[in-house]
Visitor: 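Got a structure for you, written out below as structure tokens; questions coming shortly.
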Amino acid sequence: MNEAPHECPEPPARDALSPATVAVLAGRPSRLPLAPVNPPVTLSSTYVATAGTARPDDVIYGRHGNETWSAFESALGALEGGDALLFSSGLATVAAVVALVPAGGTVVVPRHAYNGTHDLLREEAATGRIGVRVVDVTDTGAVVAALDGADLLWVETPTNPVLEIADLPVLCREARARGVLVAVDNTFPTPLGLRPLTLGADLSVHSVTKYLAGHSDVVLGAAVTASAELRDRLHAHRTLRGAIPGPFEAWLALRGLRTLHVRLDRATANAVELARRLSTHPAVRRVRHPSLPADPGHALAASYLDGPGAVVAIEVAGGAEAAERVASAVRLWVHATSLGGVESSLERRRRVAAEPATVPADLIRLSVGIEDVEDLWQDLDTALRSSTGTGMPTGGTERGVAG
Ligand SMILES: *Cc1c(COP(=O)(O)O)cnc(C)c1O
């Protein structure tokens, strides 16, 4: 029996779809009869030669490109409106972006930003390659004043770990007017919460390790840009410095990206509820989360972020020692660094020597996961009360946290 091959209808155009749908749809093989729905994990260090001279963008060797990386890159690029490049880690991506700054150039960076970013900039400044200006990112006037003669503005919003909100639309506009490149570390908001390129940023940077991959099982990074020139320079950096991801890690990250919207929805809903309850907890001095009407960044965050995110910071009554006790008393929450996994984790940030002294010593950063919110509350409430002498919880039965 000879049947004509049937045609598969083309998927709808991306710009007609919401980001949640794009996260599921993008980066798949062409829809052809009997084609797989997922990209393969391409494990190959070399590729069969073409006849004659190779073209410059031919992938002839495994450091130049990989079809599993490309699948992730096309999905992330579709979500953020640019070309994405995957790197071996978030920090490798930060290093690639900082390398765009010419020798003798200047970088403006918030005083609260990812520790590794600060360490990298400090080291480059110590060698004399670049200058660094540290600013309070909530002081828009001070940031704009620091832009004069600068080459790169680095922005985190919300900042790690104190969750300050930058006036990103204004900062992008002012930086552009002065010819200063803007890179936004979009790890906390994710592309579902913020698309920096649409606000005028030149680069969006991710630790893919966190929400995008989402399961605390890979370390990866990515940069997205709509500028072909920046894309080519970052690509050359990746190839020459060898900051390349593993194909299997890239595949895991794409698998994680498929569920980003459901994970983030649940984690954010949990974070909003926990932040609300924690703000009246007797063992908590202060809660920082943009969802709270009393949070200094509340209105600004709502003006340009789609959602307050799932990282919450609390300051524990009783100081650093009480905060340490909380971190060791939790049984469901994981006491660990990092964030963005399906499992809830927490950490007293000042336990790390590199954390700036402007971060309160009693501050615990919560990375709220996707578990049942009552189980999370029960465990945290118990740990807070037992560690601060504010008494045991009244009412409610212990459930689901035996271990
Ligand atoms: C974790 C993190 C990084 C560094 O990413 P790695 O994948 O750990 O190298 C950069 N920025 C932010 C905001 C992060 O949370």
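Start at 1 and go down the list; that is how both ligands and their atoms are numbered.
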Visitor: What do you reckon, does Asp185 put a non-hydrogen atom under 4.0 Å from ligand 1?
Guide: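 For ligand 1, residue contact (heavy atoms, under 4.0 Å) with Asp185 is present.
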Visitor: Should you measure from each heavy atom of Thr209, which atoms of ligand 1 turn up under 4.0 Å away?
Guide: 6 (P), 7 (O)
Visitor: Hey, is Arg350 close enough to Glu355 for a salt bridge, meaning N to O under 4.0 Å?
Guide: no
Visitor: Would you check if the side chain of Thr259 reaches a backbone N or O of Gly256 as a donor-acceptor pair within less than 3.5 Å?
Guide: yes
Visitor: Lys210 heavy atoms, cut-off 4.0 Å: which ligand 1 atoms fall inside?
Guide: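 Answer for ligand 1: 1 (C), 2 (C), 3 (C), 14 (C), 15 (O).
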Visitor: Within the 4.0 Å heavy-atom shell around Leu220, which atoms of ligand 1 are there?
Guide: 7 (O)
Visitor: Taking Thr127 for the side chain and Glu124 for the main chain, is one N or O donor matched with an acceptor at less than 3.5 Å?
Guide: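 Yes, Thr127 side chain to Glu124 backbone: donor-acceptor pair under 3.5 Å.
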Visitor: So, are Arg349 and Glu315 salt-bridged, with charged N and O less than 4.0 Å apart?
Guide: no
Visitor: Considering only heavy atoms of Leu91, which atoms of ligand 1 have at least one such atom less than 4.0 Å away?
Guide: 4 (C), 5 (O), 6 (P), 9 (O)
Visitor: Checking a contact table here: which protein heavy atom is nearest atom 8 (O) of ligand 1, and how many Å away?
Guide: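 The closest one turns out to be Tyr114 OH, 3.9 Å.
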Visitor: Does this structure show an ion pair linking Arg178 with Glu174, if we count only N-O contacts that are shorter than 4.0 Å?
Guide: yes
Visitor: Please say whether Ser207 places an N or O atom under 3.5 Å from an N or O atom belonging to ligand 1.
Guide: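 In this structure, Ser207 places an N or O atom under 3.5 Å from an N or O of ligand 1.
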Visitor: Taking 4.0 angstrom as the limit and counting only heavy atoms of Gly90, give me the atoms of ligand 1 inside it, by number and element.
Guide: 5 (O), 6 (P), 7 (O), 9 (O)
Visitor: Going by atom types alone, do Thr209 and Ser207 pair a side-chain donor with an acceptor below 3.5 Å?
Guide: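 Looking only at side-chain atoms, Ser207 and Thr209 do form a donor-acceptor pair, the distance falling under 3.5 Å.
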